[in-house]
Amino acid sequence: MHDHGNGGGRPVASDESGHGAPRPVDHGDGLHEFLSLERELTVFLRRARASQGEMAREVHPDLESAAYGLLVRLDECGRQRATALAAYIGVGKATMSRQLRALEELGLVAREPDPADGRAWLVHLTDEGRSRVTSVREARRARYVRQLAHWNPDEVAELARLLHELNTGMEK
């Protein structure tokens, strides 16, 4: 048994050949699947954070990795109030203001008065912001296609469905 960098200091076992993904030792408590889930999500999230930083730098060298998600949200949903963006991302108003100010300074987003409420502002991607985000997202999708070329398309669809279900369940 080895730690395998699972971060929890829990013992893990390799498959019979000693190759492949390590699996947590089953202690007979019915939690084996959740230990495996925790380990796989830890690796997945570590890789996702690194990837998000790379994608942010591809959009603009001075872009903070956390701001990349804002750009993607604006790309997918169009104009949004800062309060809606903050709620979606899960940050406070001050953090959102700071991130949006930085994105404005980089020329990636702009604000305009909300026609429904003159006191509020809507944030949107600039043409430059949309062009850069689109380019990075297309390159990312192409990477997914290459990396998952050996998967059956139904498996890719099932993974997307399960991740959506997981994300939806965690919002509650």
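These numbers come from a predicted model, not from an experiment.
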Test item: Thr126 side-chain N/O and Ala110 main-chain N/O as donor-acceptor pair under 3.5 Å: no
Side chains of His124 and Leu74 in contact at under 4.5 Å (non-hydrogen atoms): no
Contact check, side chains of Leu63 and Leu71, non-hydrogen atoms, under 4.5 Å: yes
Residue pairs fulfilling salt bridge (Lys or Arg N to Asp or Glu O under 4.0 Å) with at least one residue in residues 81-95, sequence neighbours excluded: Arg81-Asp114, Arg81-Asp117
From CG (Leu166) to CZ (Arg161), nearest 0.5 Å: 11.5 Å
Min side-chain heavy-atom separation Leu100-Arg111 under 4.5 Å: yes
Shared hydrophobic cluster, Val59 / Ile89 (ILVMFWY, side-chain heavy atoms < 4.5 Å): yes
Heavy-atom neighbours of Arg47 CZ exceed 12 at 6.0 Å: no
Selection residues 124-133 - residue pairs positive for salt bridge (Lys or Arg N to Asp or Glu O under 4.0 Å), sequence neighbours left out: Asp75-Arg130, Glu128-Arg132
Side-chain heavy-atom pair Trp151, Leu159 within 4.5 angstrom cut-off: yes
Flag side-chain contact, heavy atom, 4.5 Å: Val136 against Met55: yes
Salt-bridge present (Glu64, Arg98; N to O < 4.0 Å): yes
Hydrophobic cluster partners of Phe44 (side-chain heavy atoms under 4.5 Å): Leu45
Glu138 side chain to Ser135 backbone, donor-acceptor under 3.5 Å: no
Smallest separation among heavy atoms of Ala56 and Ser65, with atom names: CB-CA, 3.6 Å
4.5 Å side-chain heavy-atom contact, Glu112 and Arg79: yes
